[in-house]
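Handing you this structure, nothing more for now.
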Amino acid sequence: AADSSQFRDLIIKKDGHHAILAGMDQSKVVKMQKVGIWALSNLCRGKPKPEYHLLKSAVPIFAKALADHKEDDVVLRDAIWALSSLSEGAENQIQDLVDTGVVPELIKLLDHPSLSIVISCLRIIGNIAYGNNEQTQVLLSDANLVSVLIKFSQHENKSIQREALWTLSNIAAGSPEQIELVISSAYNIQTIIKAINSDATEVSREGLCVLANACAHGTKQQVQRLVNEGVIECFGAKLDSSDVKTILVILEGLQNIVINGVEESVISNPYVQEIVEIGLLQKIEALKQHENNQINQKASQIMELCGIEVE
């Protein structure tokens with residue numbers, strides 16, 4: 001199954017996954033349980049992914065393995081990898097995982113000495129945070145999670161940085177109360193800005209997504225706090241990027257900042273004043289000529305919001 005998606009699908013079609021589950025249920029021998037987890041995890045591998053409903057019954061088995069085999073790194077890797085794959089998708093898939101009660105075990109494993117296990121756990125936690133606000137809140141019931149993610153945003157391993165920031169960006173796309181946990185202190189915001197200044201494009205972009213999402217979904221007071229901490233300047237410094245996705249994230253963030261500053265007239269918008277004062281308006285105007293249609297359209301929209309006529 002691990003060698004070929006065709007073989008994998010054939011095994012599933014012949015009900016092989018149910019045979020494995022039945023064998024694990026009948027035998028409580030530890031070795032049999034470990035082999036079963038390995039075999040089931042192989043059925044989750046390959047592209048295109050197998051249909052989720054066919055492997056849904058394995059989710060509780062993988063979740064239970066995190067507690068039952070916490071001292072066995074090989075079993076942990078197999079189970080965590082499988083959960084990462086199975087939780088990547090629709091809200092019902094995320095809910096199936098949440099319903100197993102595995103979230104506390106996942107958060108505990110962020111302290112694991114194996115980087116590969118930590119990275120996979122971060123991916124699962126990020127998948128859950130990508131779900132609805134109620135699913136995200138299950139994660140946030142651990143009061144220390146955001147602090148751990150902020151710390152990981154400065155990790156020497158770029159994959160851990162990226163996954164931590166991606167998770168934070170998903171939390172920052174939630175409710176104002178959830179956003180508050182991410183940007184509650186100047187330290188958190190400045191740490192994210194520090195990550196944005198990374199040489200690694202994907203790390204920098206995920207950090208920008210955290211701030212852009214907070215600007216899109218936060219309250220006026222939260223956006224004001226972000227601006228006070230230098231977010232407009234941070235966005236401006238990265239607008240010279242050659243990465244299309246990065247530019248679009250920044251423009252989205254700037255657009256939402258300007259919208260939040262609109263009062264009775266555009267002249268009274270303090271955020272537009274700052275954009276003008278730091279020379280950012282010229283950069284945005286130049287992007288109206290960008291070869292990417294999304295970028296030039298977004299730049300034109302921001303110019304209009306700033307009260308500048310667009311030709």
Side-chain angles (χ1 to χ4, degrees), residues 2 24 29-45 58-88 94 97-98 100-130 135-136 138-171 181-182 187-188 191-192 194-204 206-207 210:
M24 292 176 70
V29 177
V30 173
K31 185 175 181 180
M32 179 64 77
Q33 296 295 313
K34 292 181 178 181
V35 172
I37 291 165
W38 167 77
L40 285 171
S41 71
N42 281 341
L43 295 178
C44 300
R45 298 180 185 275
V59 172
I61 304 297
F62 291 131
K64 188 172 182 293
L66 302 195
D68 291 352
H69 303 283
K70 61 179 65 178
E71 304 302 325
D72 190 321
D73 286 5
V74 174
V75 176
L76 282 178
R77 285 192 185 94
D78 286 338
I80 292 168
W81 191 95
L83 288 176
S84 174
S85 178
L86 292 171
S87 63
E88 195 174 69
I94 297 170
L97 177 61
V98 169
T100 67
V102 75
V103 166
E105 288 296 333
L106 287 170
I107 294 175
K108 286 178 187 176
L109 284 168
L110 294 179
D111 286 330
H112 199 281
S114 167
L115 291 184
S116 64
I117 288 176
V118 171
I119 291 167
S120 294
C121 282
L122 280 170
R123 171 55 55 167
I124 300 170
I125 290 169
N127 286 344
I128 295 171
Y130 189 74
Q135 291 165 340
T136 300
V138 175
L139 294 171
L140 297 175
S141 61
D142 186 306
N144 294 319
L145 178 61
V146 170
S147 296
V148 171
L149 295 172
I150 291 291
K151 181 184 73 173
F152 277 168
S153 75
Q154 300 301 308
H155 201 282
E156 60 183 13
N157 183 284
K158 299 301 181 187
S159 293
I160 288 180
Q161 277 189 284
R162 185 185 66 246
E163 296 293 341
L165 288 164
W166 177 65
T167 302
L168 286 169
S169 74
N170 290 338
I171 296 171
L181 294 174
V182 176
Y187 173 80
N188 283 9
T191 302
I192 293 166
K194 185 178 178 181
I196 288 169
N197 292 325
S198 167
D199 293 332
T201 300
E202 290 188 356
V203 171
S204 178
E206 292 300 344
V210 179

Salt bridge (Lys or Arg N to Asp or Glu O under 4.0 Å): pairs with one or both residues in residues 67-76, sequence neighbours excluded: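 Only Lys34-Asp72, Lys64-Asp68 qualify under salt bridge (Lys or Arg N to Asp or Glu O under 4.0 Å).
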Got a sec, which residues hit side chain to side chain donor-acceptor pair (under 3.5 Å) with Asp78, two or more places apart in sequence or on another chain?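 With sequence neighbours excluded, Asp78 shows a side chain to side chain donor-acceptor pair (under 3.5 Å) to no residue whatsoever.
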Who pairs with Ala79 by side-chain contact (heavy atoms from CB on, under 4.5 Å), at least two apart in sequence or on another chain?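 Checked Ala79 against side-chain contact (heavy atoms from CB on, under 4.5 Å); matches are Ile37, Phe62, Ala65, Leu66.
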Let me confirm one number: the OG-CD1 distance from Ser85 to Ile80, rounded to the nearest 0.5 Å.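 CD1 of Ile80 is found 14.0 Å from OG of Ser85.
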Derivation of the side-chain contact (heavy atoms from CB on, under 4.5 Å) call for Ile192 and Val182: CA-CA 10 Å; Ile192 293 166; Val182 176; 4.1 Å; yes
Evaluate Ile150 against Tyr187 for side-chain contact (heavy atoms from CB on, under 4.5 Å), listing each step before the verdict. CA-CA 9 Å; Ile150 291 291; Tyr187 173 80; 4.0 Å; yes
Partners meeting side-chain contact (heavy atoms from CB on, under 4.5 Å) with Asn170 (sequence neighbours left out):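 With neighbours one apart ignored, the set is Ala129, Tyr130, Trp166.
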Over all atoms of both residues, closest heavy-atom pair of Ser41 and Trp81: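 In this case the closest contact between Ser41 and Trp81 is O-CZ3, 4.3 Å.
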Sorted by first residue and then second, give each side-chain hydrogen bond (donor to acceptor under 3.5 Å, both in side chains) pair with at least one member in residues 148-157; sequence neighbours left out. none
So, using side chain to side chain donor-acceptor pair (under 3.5 Å) as the criterion, who are the partners of Ser169 when residues are at least two apart? none
What residues form a side-chain contact (heavy atoms from CB on, under 4.5 Å) with Val59, not counting sequence neighbours?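 Listed in chain order: Tyr52, Leu83, Leu86, Leu97, Thr100.
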What's the spacing between Leu139 CG and Leu149 CG if we round to 0.5 Å?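 Rounded to the nearest 0.5 Å, the CG-CG separation comes to 9.0 Å.
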Atom pair CG (Leu76) and CG (Leu109), whose distance is rounded to the nearest 0.5 Å: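 The distance works out to 6.0 Å.
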Rounded to the nearest 0.5 Å, how far apart are CD of Gln135 and CG of Leu140?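 CG of Leu140 is found 12.5 Å from CD of Gln135.
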Can you tell me how far the CD1 atom of Ile160 sits from the CZ atom of Arg162, to the nearest 0.5 Å?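 The distance works out to 10.5 Å.
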Thr167 and Asn127, any side-chain heavy atoms less than 4.5 Å apart: no
Only counting residues at least two apart or in another chain, list the ones meeting side-chain contact (heavy atoms from CB on, under 4.5 Å) with Ala200.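 Partners of Ala200 by the side-chain contact (heavy atoms from CB on, under 4.5 Å) criterion, ordered by chain and then number, come out as Lys158, Ser198, Val203.
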Restricting to side chain to side chain donor-acceptor pair (under 3.5 Å), what partner residues turn up for Glu206, sequence neighbours left out? none
Would Leu168 and Asn188 count as a side-chain contact (heavy atoms from CB on, under 4.5 Å) if you check the C-alpha gap in whole Å, the side-chain angles of each, and the deciding distance to 0.1 Å? CA-CA 11 Å; Leu168 286 169; Asn188 283 9; over 6 Å; no
Taking all non-hydrogen atoms of both residues, which atom of Ala82 and which atom of Cys44 are closest, and how far apart?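 Shortest heavy-atom contact: CB-SG, 4.0 Å.
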Got a sec, which residues hit side chain to side chain donor-acceptor pair (under 3.5 Å) with Thr191, two or more places apart in sequence or on another chain?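 Here no residue qualifies.
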Determine whether Glu88 and Ile94 make a side-chain contact, defined as any pair of heavy atoms from C-beta on separated by less than 4.5 Å.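 Not touching, per the 4.5 Å side-chain cut-off.
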Carefully, step by step, assess Val148 and Asp111 under the rule side-chain contact (heavy atoms from CB on, under 4.5 Å). CA-CA 9 Å; Val148 171; Asp111 286 330; 5.9 Å; no
Could you list the donor-acceptor pairs under 3.5 angstrom formed by side chains in residues 115-126, with sequence neighbours left out?
unit_1	atom_1	unit_2	atom_2	d
Ser116	OG	Arg77	NE	2.9
Ser116	OG	Ser114	OG	3.0
Ser120	OG	Ser116	O	3.1
Arg123	NE	Glu163	OE1	3.1
Arg123	NE	Glu163	OE2	3.4
Arg123	NH2	Glu163	OE1	3.1
Arg123	NH2	Glu163	OE2	2.8

